[in-house]
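When reading the values below, keep in mind they use all heavy atoms of this one structure, side chains included, and skip hydrogens, waters and symmetry mates. Proteins get letters first, then strands, A, B, ... in listed order; numbering begins at 1 in each. Just so it is clear, the structure is predicted and the values come from calculations on it, not from any experiment.
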2 protein chains.
Amino acid sequence: MPREAFFNLKTEKRERIVDAGIDEFAEYGYQPASISRIVERADIAKGSFYHYFEDKKDLFKYILQLLGDMKLKILGPVLMEAGSRDFFDTVRDMYLNSIRWVLQEPKLMRISQSVMLDRELRNEVLEDNQQKAINYYLSLINIGVARGDLRQDLDRELTAHILLVLQFAMVDIYYEKHGQEIEETAFMSLAEKILNTIAIGIRNNQPSRRELLWTEKL
Amino acid sequence: MPREAFFNLKTEKRERIVDAGIDEFAEYGYQPASISRIVERADIAKGSFYHYFEDKKDLFKYILQLLGDMKLKILGPVLMEAGSRDFFDTVRDMYLNSIRWVLQEPKLMRISQSVMLDRELRNEVLEDNQQKAINYYLSLINIGVARGDLRQDLDRELTAHILLVLQFAMVDIYYEKHGQEIEETAFMSLAEKILNTIAIGIRNNQPSRRELLWTEKL
DNA sequence: TAATAAAATGACTATATAGTCATTTTAGAT
DNA sequence: ATCTAAAATGACTATATAGTCATTTTATTA
């Protein structure tokens with residue numbers, strides 16, 4: 001947590017420092033990010049940084065927290081309406097909201113990604129953010145099962161992990177195919193395909209000959 | 001690629017250098033790995049390092065290549081027998097072979113993971129290794145579809161990506177639940193669950209009342 | 001206005017890094 | 001034994017980093 005001195009700063013300055021941190025972390029990732037560059041970007045003295053924060057990790061955690069709050073603000077409403085819609089419609093809507101947010105705040109997204117994709121960093125720095133994301137999915141899954149959209153016998157925790165992993169993989173797969181520039185409809189079409197895959201699975205449930213004969217009887 | 005001088009070295013020294021690199025990369029990851037520490041570990045002069053390699057990335061790529069060769073040696077035979085077994089049996093077998101290899105070479109696995117989980121690094125350094133993994137899965141999928149184990153209408157490239165992502169996520173999920181120490185049967189039980197999820201999907205295909213009535217007629 | 005406490009500063013220390021290169025060592029050929 | 005070319009060396013340069021702290025600036029209170 002930032003020190004008291006940081007919260008006593010005027011909003012403008014506080015935001016300038018946070019922005020500098022966001023720029024630096026988005027450009028270099030966590031490990032190679034440099035406090036010297038951050039203070040230069042923010043136009044504050046080196047000593048001031050250490051009045052406001054314990055160290056680099058302290059600032060980073062704080063930024064992650066801001067980021068988590070933003071995301072929850074965006075995805076909270078989706079969760080509220082989950083009871084009245086098909087599970088997969090809800091998840092699709094969640095993706096849509098996320099991607100629109102990413103398009104507005106690409107830097108924050110890069111930071112969030114860099115954390116989620118690095119287990120070391122995640123363990124060291126993330127603490128409860130990962131669990132928050134899992135819990136969000138768990139809520140959705142519980143509702144989905146209750147609605148009868150999802151199988152009763154799911155390992156819900158595991159399913160939450162799988163959905164979270166796929167959510168992040170989606171961005172990777174998109175980049176690989178379309179390059180770094182995200183376009184909403186193309187992205188959602190990929191999301192649709194991935195959702196469909198996890199929904200009905202990949203195994204061939206080709207009806208047996210006996211089943212086919214029954215169908216023909218209609 | 002390492003310089004000629006490196007390949008002229010006696011095997012013992014070459015291995016000492018590679019081992020030093022593996023230790024360093026496994027301990028620190030790519031970015032924070034230090035050439036100074038590597039030469040110290042390997043007990044060679046700084047200048048020698050630059051006779052053997054262009055830079056840190058050069059050594060790293062070389063290690064990744066060794067790693068890829070090892071993995072292919074292990075997983076090649078699995079692919080050969082894929083035609084005669086159910087798709088999911090084959091993938092399960094692949095996981096089993098991989099995990100046994102990991103248990104023998106945990107350092108190499110940590111390096112491989114650190115690459116796969118970091119998109120920046122992957123783009124910069126991996127080049128064809130990711131594509132090799134995707135191609136391996138593509139081969140499996142093609143056989144699986146031909147055998148009738150998998151749906152005809154799959155987007156095979158996408159499915160390969162999903163399977164690869166899940167493969168890596170598996171390790172993460174395992175660590176989170178059981179800690180860093182991997183135990184073969186517990187790991188395979190998790191693998192089984194994940195495979196089952198992707199095989200049949202999560203949507204509830206509860207037969208409708210009309211369908212149930214038909215079934216009762218038998 | 002004067003006194004005082006909090007905030008801000010940036011030069012400085014100590015340390016680590018990548019990469020270079022003039023010199024020395026080694027090993028093989030004559 | 002002598003010569004020669006390749007291999008190995010490690011001190012050195014230039015640069016970057018995190019974190020400190022005595023000093024200065026600012027704002028607030030008396």
(message) Testing the basics here: between A:Lys71 and A:Ser98, what is the closest heavy-atom pair and its distance to 0.1 Å?
(response)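 Reported closest heavy-atom pair: CE-OG, 4.0 Å.
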
Gap between atoms [atom1] and [atom2], on [X] and [N] respectively (whole Å):
X	N	atom1	atom2	value
A:Arg3	C:dA8	CZ	P	13 Å
A:Arg16	C:dA8	CZ	P	10 Å
A:Arg41	D:dT17	CZ	P	11 Å
A:Leu9	D:dA27	CG	C1'	14 Å
A:Ile17	C:dT9	CD1	C1'	13 Å
B:Ile44	C:dA18	CD1	P	13 Å
A:Phe7	C:dA6	CZ	C1'	18 Å
B:Gln31	D:dA16	CD	P	16 Å

(message) For a quick test of reading the model: is some side-chain N or O of B:Asn8 closer than 4.0 Å to OP1 or OP2 of D:dA7?
(response)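 True: B:Asn8 side-chain N/O within range (under 4.0 Å) of D:dA7 OP1/OP2.
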
(request) Answer yes or no: does a side-chain N or O of A:Arg37 lie under 4.0 Å from OP1 or OP2 of D:dA16? (result)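 For A:Arg37, the contact criterion (side-chain N or O under 4.0 Å from OP1 or OP2 of D:dA16) is not met.
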
(request) Could you check which of D:dA8, C:dA8, C:dA18 has an atom nearest any side-chain atom of B:Ser36? (result)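 Looking only at heavy atoms from C-beta outward on B:Ser36, the closest nucleotide is C:dA18.
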
(request) For the side chain of B:Ser34, starting at C-beta, report the closest nucleotide among C:dT17, D:dT20, D:dG10. (result)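 Of C:dT17, D:dT20, D:dG10, C:dT17 is nearest to the side chain of B:Ser34.
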
(message) Counting C-beta onward and ignoring hydrogens, is there a side-chain heavy-atom pair between A:Lys177 and A:Leu190 closer than 4.5 Å?
(response)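 Side chain of A:Lys177 against side chain of A:Leu190, heavy atoms only: no contact under 4.5 Å found.
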
(request) Classify the nucleic acid contact of A:Lys13 as base, sugar-phosphate or nothing, counting any heavy atom under 4.0 Å across all strands shown. (result)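 Sugar-phosphate, no base atom in range.
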
(message) Does anything in residues 47-57 of chain A come within less than 4.0 Å of DNA chain C? Heavy atoms only, and list the residues if so.
(response)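 DNA chain C contact set from residues 47-57 of chain A: A:Gly47, A:Ser48, A:His51, A:Tyr52.
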
(message) Tell me whether the count of non-hydrogen atoms from other residues, nucleotides or ligands lying under 6.0 Å of CD in A:Glu183 goes above 12.
(response)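 More than 12 heavy atoms, drawn from other residues, nucleotides or ligands, come within 6.0 Å of this atom.
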
(message) Are there over 12 heavy-atom neighbours, none belonging to B:Glu12, within less than 6.0 Å of that residue's CD?
(response)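 Correct, the count exceeds 12.
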
(request) Starting at CG of A:Asp43, measure out to CD1 of A:Ile17 and round the result to the nearest 0.5 Å. (result)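 Answer rounded to 0.5 Å: 10.0 Å.
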
(message) Just verifying a value: how many Å separate B:Phe49 CZ and B:Asp55 CG, rounded to the nearest 0.5 Å?
(response)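 Nearest 0.5 Å value for the CZ-CG distance: 7.5 Å.
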
(request) Tell me which of B:Lys10 and B:Pro32 sits closer to the 5' end of DNA chain C, going by the nucleotide each one is nearest to. (result)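 It is B:Pro32, whose closest nucleotide lies nearer the 5' terminus.
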
(message) Check the orientation of B:Phe187 and B:Tyr174. Use parallel for under 30°, tilted for 30 to 60°, and perpendicular for over 60°.
(response)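 Tilted, since the angle between the ring planes falls between 30° and 60°.
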
